[in-house]
Protein chains: 2
Amino acid sequence: MHDPDPAFGPLARDGLVDRVAGLMAEAIVAGRVLPGARLSESTIARDLGVSRAPVREAARLLENSGLVRYRPNRGFFVRTLSSAALDNLYEFRIVIESAAIARLVARGDVEALLPRLDAQIAELYRVAEAGDDMLRQVEADMAFHRLICEGSGNPRYLAAFDQIANETKLGLMLIGRLYDSPRRMAGSHVPIRAAIAARDAQGATAAIEDHIGSARHMVTERFRSLEEGHPA
Amino acid sequence: MHDPDPAFGPLARDGLVDRVAGLMAEAIVAGRVLPGARLSESTIARDLGVSRAPVREAARLLENSGLVRYRPNRGFFVRTLSSAALDNLYEFRIVIESAAIARLVARGDVEALLPRLDAQIAELYRVAEAGDDMLRQVEADMAFHRLICEGSGNPRYLAAFDQIANETKLGLMLIGRLYDSPRRMAGSHVPIRAAIAARDAQGATAAIEDHIGSARHMVTERFRSLEEGHPA
DNA sequence: GTCAAGGTAATTGTCGACAATCGACATCCG
DNA sequence: CGGATGTCGATTGTCGACAATTACCTTGAC
């Protein structure tokens, strides 16, 4: 028999590839490498002190999450975003997340999810008070939405969300600020939580569509003005 | 200046990796390697007369399309499907494709898409008459649905569809037959086409939800009985 | 001065080899 | 005889090197 309450949990043995991928993703999202920039396998491999093989595999991983684009015989490049692409992205998010939240309320484990949602909302307020760490704010926001997809009960929604999460982060970081008021941003998640707690499917979908929709408007507008300011 | 309408399009120079990936995907979907089977890099590389590197990259590609599962330090395995997973898959397809068809009718280029839909429906009838080539039927079916996602105007829907297309094919092939009557299957696409042509957004979403929903029911039921017949 | 052609440097594509890790069998102890 | 431990073969993980392709720069003609 096995110990029902083991003293040691399974050790996360993420290999070299995952670590490299994480480093690259962070460098891109944090803006240390600019969109459109070439990602030289040799250079990155040399910098990290590893061979090209893991770098190449990591880059392919990042390609799936939309951060990187691959062109045959040319290499990997940091994904460039347009306001139109961001608009499409947000439209897609609305579809995914409203379906996820509807399923969550209808058939998911709301009881188990609520404390996690509350904790995440608390985290949102915490980083809002700190105020200056943009990346933390973005990630706290995305973590909240990820919880909803995770709690839906259909892993497809979570997979779809994870695929576009990094790209969304990149877009938000490019804009340079999340909302006019970080506090208001944190508070805008509360109605979603309330509708879930009330098992109000229609209200929940409406709340999240409103939430993402206003973010979509804000992001697209702001990005468009950036494009005009810095014409390619 | 360049020829605005070149006589020769860009030649698809799919490298070794893509060819290997295609071969592997076909072998899996066609059922030549069974679900759960190990995909030995060395063996495949030796069989194809190439090194392990392209095989490994191809396997990672197939992982993204859901055909293959990767376990660190253990290798690649053909994805196993359960009736529950298939049910989740079809639920997700309904969400994606009904959103895509709604956008298509509302803002897509219906005029340009209609002839392609008609051609695909004709192809569906053609393979239905042939009758015995299951893979062809499955692929003709998926191609029709892909057209809708492609015509939606938001490439996100197409990307999401392509990611789950191979997995859907695999599920259908595992079942061993598409519908009771291939002819009826072909005909069941006509109402979708009609609603699109009429620019009836509500009717189109209803038609495609009905279409995929009945397939979902059929597939899930049939797969469940298979599971009971061959208990793991 | 502009454009095309050729050569060259740099990068990716592929390969074979070695090291690390895993699963299974044999072995040892209670 | 049951369970834990040690060992072995096989497979993946990573590496450095060579071949193929690309992009850039130089050269030359008009």
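In what follows, every chain begins at residue 1, and chains take the letters A, B, ... in the order their sequences are listed. What you see is a predicted model; the values in this text were computed from it and never measured.
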Any side-chain N or O of B/Arg56 under 4.0 Å from OP1/OP2 of C/dT14? no

Does any N or O donor sit under 3.5 Å from an N or O acceptor when you compare the side chain of B/Arg52 with the base of D/dG13? yes

Of all the nucleotides listed (C/dG23, C/dT12, D/dT22), which has the minimum atom distance to the side chain of A/Ser40? C/dT12

Could you state the atom-to-atom distance from CZ of B/Arg71 to C1' of C/dG23 in whole Å? 12 Å

Which class fits the ring pair B/Phe76 and B/Tyr70: parallel under 30°, tilted 30 to 60°, perpendicular over 60°? tilted

I'd like to know if the side chain of A/Gln120 reaches the main chain of A/Ala140, judged simply by a donor and an acceptor atom lying under 3.5 Å from each other, with no hydrogens or angles considered. yes

Among D/dT22, D/dT11, D/dC15, the nucleotide that comes nearest once only the side chain of B/Arg38 is considered: D/dT11

Can we say A/Arg46 and A/Glu41 salt-bridge, meaning some charged N sits less than 4.0 Å from an Asp/Glu carboxylate O? no

Under 4.0 Å, heavy atoms only, any strand: does A/Tyr70 hit a base, just the sugar-phosphate, or nothing? sugar-phosphate

In whole angstroms, how far is the P atom of D/dA10 from the CG atom of B/Asn73? 19 Å

Could you tell me whether the side chain of B/Phe223 reaches within less than 4.5 Å of the side chain of B/Leu81, counting heavy atoms only? yes

Are B/Arg156 and A/Glu91 within salt-bridge range, i.e. N to O under 4.0 Å? no

According to the salt bridge (charged side-chain N to carboxylate O under 4.0 Å, His left out) rule, which pairs have a member within residues 70-84 of chain B, sequence neighbours left out? B/Arg79-B/Glu167

Residue-level proximity of residues 41-48 of chain A to DNA chain D when a heavy atom falls under 4.0 Å: none

Of the listed C/dT14, D/dT14, C/dG23, the closest approach to the B/Arg74 side chain comes from C/dG23

